[in-house]
Amino acid sequence: MTNFNMLQEKDNYLKQNLFTKSKIPYYLSFFIPFIIFFMYFALHKFNILTVDLGQQYVDFFSFLRNSLFTHPSNLIYSFQNGLGNSMLGTDAYYLLSPFNLILFLFSKNQLPIAILLLITLKIGAMGVSSFFYWKKRIPDYYALSSSLAYALCGYVIANHFNLMWLDSAILLPLLVNEIDHCLYNKTNHLILLTFLLWFTNFYTGFMVLLFGFLYFLSQLAFTQFKKEALINYFKASILGSLISAFILLPVLFEMLAGKASSPAHWSFGFQFSPFEELSKLALGAYSFHEMEAGMPNIYLTMPFLLFIMTYFTSNKIDWKPKLANLLLFIFLVFAWFWTPLVLVWHLGQFPVWYPGRFSFILIFFSLNLATLFIKQQSQLSTVQKIFIAILGTGLSFYLAFITNKIEFLNNTNLIISCLFLALAVIYICFLYNQNLISGKLLFGIIIIEITVNTILSLNNLAYQNNADYQNFSKTTNQVTQYLKKTNPGFYRVEKTFYRSDDDPFTANYYGISNFNSISDQKVLTLLQNLGYLHNSNSYTNYGGSPITDNILGIKYYLTPNYAYKKLSFDNQNERLDVNGYHFIKQFSGLNLYQNQTAFPLLFLTSASATKIHFDEDNPTRNQVLLFNKITTNKSPLFHSIILPSTKTINATSSPDNNLEFTQKNIAKPTSISFNFILSTQNSYYLELPDTLNNDQTDLFINGTNINIDTRDPQSRLINFAYHQKGQKIKIIFNIKNRKLDLNGINLWELNNSAVSQLSQQFLQNQPSFSQKGLIIRSHFSTDKTQTLATTIPFNRNWLILDNGHLVKKKLFANTFLSIQITKGKHDLKLVYVPFALIIGVIISLFTLIFLKKRKC
């Protein structure tokens, strides 16, 4: 056969199989939700980055692009992940979706556009997978309508930026399809679906598999193959899970060390009123507050809402499956708001933001009930029509009653929702199955309604400009690339500004800031004690000093170059004393400084690896304590300065406490100020107590507004002066809420020359080392027994060999890896061995071999 004939035959095959009339509904199920969603952002300059997508996921995607094909070991362990941490849990949660390969088709500068395409493709895939399932039971246009309602349901619109959860929503209809096959003893791919759910995102994958189990049990009573179905289901589920062991085992151990180590408070209470949840059925029922601490998003269009309710009134459907589905439906509804079930669905932890993360499951199951009704009943009885009319009217009155009481509902939402409710009632009562075009008519109604809801909902969010991320990435990467060329060794880098806590992933450097749902709690606790801004799963380089810079090995600093006016950097970290470091080079937008007294990653110290007792909310004491422990210094480095007398405008102090103030006239500006002149060139710090934040006061220092936002309550340090001897300092607190309590504020002076001198002495005769991938090596000798300490977070996967012999690891400063070193020469090797991954791979391979032999 000639090449021409082969090409012609292939072309004919494609035409016969991909471009036939029967395939058109499949294309529609994909492209209609794709176009609706994509066009919204196309009309908004393609800006897709918002909340966690702009502050976390985009950085992980940048890291994936930098690592997968060039430095794959980074995907096992990386020092870009905080001070250093395993990446396996992060990979499993954020990065393993096969869709992510699309990112490699775009340049790094086009990453936001690539992410928009990625999300839109997933939404289109949701449409295809659900259409594939529902077209087997109902006509194409009804199946297209239900698939569109699923692909752009309230959950997807509200969580589109949590794109790692969308793979499970794609796989959900396919899993239910395979369970149906299993129930009737048909050939199925349940093993594959189970594996894919664990692989693409173990978190939402667990939710889908849990639902699959409940669905299987609810349907099992109606099949004659009970025993065979039960055996096949559990066999497939177990084998699929065992194949996923290379993902699940590392995740399990990392969660036990991280997020799962925080105990949840179990109770039999309710998270919110179930009746208020009905308000989420309205169009555009969404807001920023709802994203943070609202209710699950369950919008699924008005016609299908009424179809679902009609399912339970149909006398054409046997009461046994109806009862089973009703019980499962009630269970899923209770799981929204009853605390024990909320915790079960969310792996024992309350969601931090984004409530009801499994609500796509309820939406799918509800739509599935609607399709069962459409399949079974072609016409409605008079009683059913009356029921539909009462239901629609009742919901309209409820929405009208609650609109002024619910923040995310307004009159526009109300009017539009009631109009679509009325249209849905008219359609179901008078047009449903009345003629050949009723299916097309429903499809048209759903397209219009789903488009309106998408616009109303997304208009409630604010999106970052893509240019902001692109400029940040380009500007910081030029500096880090320069550093890698001029100094290819190991060191940490930080900045006096930040775009996100995960900047090290985008800018490709080893930093200390981190935002990750799977965080190392030991590191977080240490940085909290040292005064760094933090919450339960993030910390950033805000609150440090030259002391902590040295301890953590921050050798280089990036600061804004204000002479370059094209770029602006938000989230400034007040660290004026960074200007005292050695200036290296000026870039467009940034300046580069070197901290010449930064400690290395590995260092010898006379301190023993004992537990250090840090004081809660005492950052200056804790910083000095750790520094002195390492260097064996005993002198204080921070010196307290007596607060000068206050000057007030429109305020009086309490007779019993001169740091408690009350506003005289609420209509006039009110301020409390402290004025003093600096007596040295040292660094000066203002310590704010954990009770003080932007809700109580605005802080100005010499006319500059200082951001004092907090995450979790904590004391923090603000560096307000350096090398300014003789200058006058004016600190002003503006009262916002009638009263202001300034108890707990302190002024500190840091002895910079002592810190520098002690650090230089400590750095003498420290061992050199090299780091390549997951191996760190060092050759040195010592004339006495010492502790070899590190600023590598303690992890049992690190193996330390000294002169070829495995040595016992110890915990240093409650956080870091260390060993005892004896007198003599040492050939030291630190190797990171991901034991859970290796064991998981072995289990997965043996399972695959078992399956292959079974088929043979």
Side-chain angles (χ1 to χ4, degrees), residues 36-62 110-120 123 152-166 279-280 282-297 299 351-357 406-413 416 451-473 497-503 506 515 533 535 537-538 540 567-572 693-695 705 707 709-711:
I36 291 172
F37 188 84
F38 188 84
M39 285 305 298
Y40 176 87
F41 289 96
L43 295 172
H44 290 79
K45 301 180 180 179
F46 299 100
N47 294 325
I48 187 68
L49 301 181
T50 186
V51 288
D52 284 1
L53 177 56
Q55 296 294 314
Q56 187 181 28
Y57 312 154
V58 65
D59 300 301
F60 291 150
F61 290 140
S62 179
Q110 296 172 319
L111 199 54
I113 305 297
I115 291 171
L116 172 59
L117 178 61
L118 189 61
I119 295 170
T120 313
I123 289 172
L152 288 174
C153 63
Y155 173 88
V156 172
I157 296 301
N159 291 287
H160 65 274
F161 44 82
N162 291 313
L163 66 169
M164 67 281 184
W165 297 343
L166 298 182
S279 61
K280 301 293 284 187
L283 281 79
Y286 191 50
S287 68
F288 186 84
H289 175 266
E290 284 300 290
M291 181 195 310
E292 179 184 2
M295 296 177 287
N297 299 283
Y299 168 79
V352 180
W353 288 52
Y354 319 121
R357 299 175 182 185
I406 299 290
E407 173 264 339
F408 55 81
L409 286 183
N410 54 42
N411 289 332
T412 301
N413 298 98
I416 293 175
T451 302
V452 171
N453 178 68
T454 299
I455 294 169
L456 290 177
S457 299
L458 295 181
N459 281 349
N460 291 326
L461 295 183
Y463 291 87
Q464 305 166 22
N465 289 324
N466 290 343
D468 292 341
Y469 171 80
Q470 291 163 336
N471 290 335
F472 170 86
S473 176
F497 61 94
Y498 66 96
R499 191 201 66 84
S500 84
D501 293 342
D502 284 321
D503 285 343
T506 283
F515 174 21
L533 191 69
N535 63 18
N537 56 12
S538 73
T540 193
L567 293 175
S568 63
F569 296 99
D570 296 328
N571 302 316
Q572 295 294 316
N693 56 47
N694 279 338
D695 292 334
N705 184 212
N707 182 5
D709 273 339
T710 59
R711 298 180 184 182

In this structure, CG of Asn693 is separated from CG of Asn707 (nearest 0.5 Å) by 10.5 Å

With sequence neighbours left out, write down each residue that passes side chain to side chain contact (heavy atoms under 4.5 Å, CB included) with Thr454, or none if nothing qualifies.
-> Ile36, Leu152, Ile157, Leu458

Not counting sequence neighbours, which residues clear side chain to side chain donor-acceptor pair (under 3.5 Å) with Thr506? List them please.
-> Asp59, Tyr469

Does Leu53 reach the side chain of Ile119, with side-chain heavy atoms less than 4.5 Å apart?
-> yes

Please tell me if the side chains of Thr50 and Met291 come closer than 4.5 Å, counting only heavy atoms from C-beta onward.
-> no

Walk me through it: do His160 and Ile48 pass the test side-chain contact (heavy atoms from CB on, under 4.5 Å)?
-> CA-CA 10 Å; His160 65 274; Ile48 187 68; 4.1 Å; yes

Partners of Gln110 by side chain to side chain contact (heavy atoms under 4.5 Å, CB included), sequence neighbours excluded?
-> Phe106, Ser107

Please identify each residue that fulfils side chain to side chain contact (heavy atoms under 4.5 Å, CB included) with Thr540, with sequence neighbours left out.
-> Tyr498, Asp501, Ser513, Leu533, Tyr542, Arg711

Inter- and intrachain pairs under salt bridge (Lys or Arg N to Asp or Glu O under 4.0 Å), touching residues 455-465, at least two apart | none

Can you name the closest pair of heavy atoms from Ala285 and Ser457 and give their distance?
-> N-OG, 4.4 Å

Does a side-chain heavy-atom distance below 4.5 Å link Ser538 with Gln56?
-> no

Would you check, one step at a time, whether the test side-chain contact (heavy atoms from CB on, under 4.5 Å) holds for Arg499 with Val58?
-> CA-CA 11 Å; Arg499 191 201 66 84; Val58 65; 3.6 Å; yes

Do Leu49 and Tyr463 have side-chain heavy atoms sitting under 4.5 Å apart?
-> no

Would you check if Ser500 and Phe472 make a side-chain contact, meaning some heavy-atom pair closer than 4.5 Å?
-> no

Drop me the distance from Leu163's CG to Ile123's CD1, to the nearest 0.5 angstrom.
-> 9.5 Å

With Asn410 via side chain to side chain donor-acceptor pair (under 3.5 Å) - residues at least two apart = Asn413

Locate the shortest heavy-atom distance separating Ala282 from Asn453; write the atom from each residue and the value.
-> O-OD1, 4.3 Å

State, yes or no, whether a side-chain contact exists between Phe161 and Leu461 at a heavy-atom distance under 4.5 Å.
-> yes

Is the side chain of Asn47 donor-acceptor paired with the backbone N or O of Asn466 at a distance under 3.5 Å, no angle test?
-> yes

Output the distance between atom OH (Tyr57) and atom CZ (Phe515), rounded to the nearest 0.5 Å.
-> 7.0 Å

Minimal non-hydrogen separation, Pro355 against Gly294, with atom names | CG-O, 3.3 Å

Any idea which heavy atoms bring Gly284 and Asn460 closest together, and the distance?
-> O-ND2, 3.5 Å

Asn159: what forms a side chain to side chain contact (heavy atoms under 4.5 Å, CB included) with it, not counting sequence neighbours?
-> Tyr155, Asn162, Trp165, Asn297, Tyr354

Just do the ring-ring contact (aromatic ring centres under 6.0 Å, His included) check on Phe41 and Phe37 with the steps written out, would you?
-> CA-CA 7 Å; Phe41 289 96; Phe37 188 84; 5.0 Å; yes

Side chain to side chain donor-acceptor pair (under 3.5 Å) partners of Glu290, counting only residues at least two apart = Lys280

Using ring pair (Phe, Tyr, Trp, His ring centres under 6.0 Å) as the criterion, list what pairs up with Phe38, not counting sequence neighbours.
-> Phe34, Phe46

Side chains of Asn537 and Asn535: does their closest heavy-atom pair fall under 4.5 Å?
-> yes

What residues, two or more places apart in sequence or in another chain, satisfy side chain to side chain donor-acceptor pair (under 3.5 Å) together with Ser287?
-> Glu407

Salt bridge (charged side-chain N to carboxylate O under 4.0 Å, His left out) with Asp502: which residues, sequence neighbours excluded?
-> none

Nearest atoms (heavy-atom pairs only) where Ser279 meets Phe408 = OG-CZ, 3.3 Å

Contacts of His44 meeting ring pair (Phe, Tyr, Trp, His ring centres under 6.0 Å) (sequence neighbours excluded), chain-then-number -> Tyr40

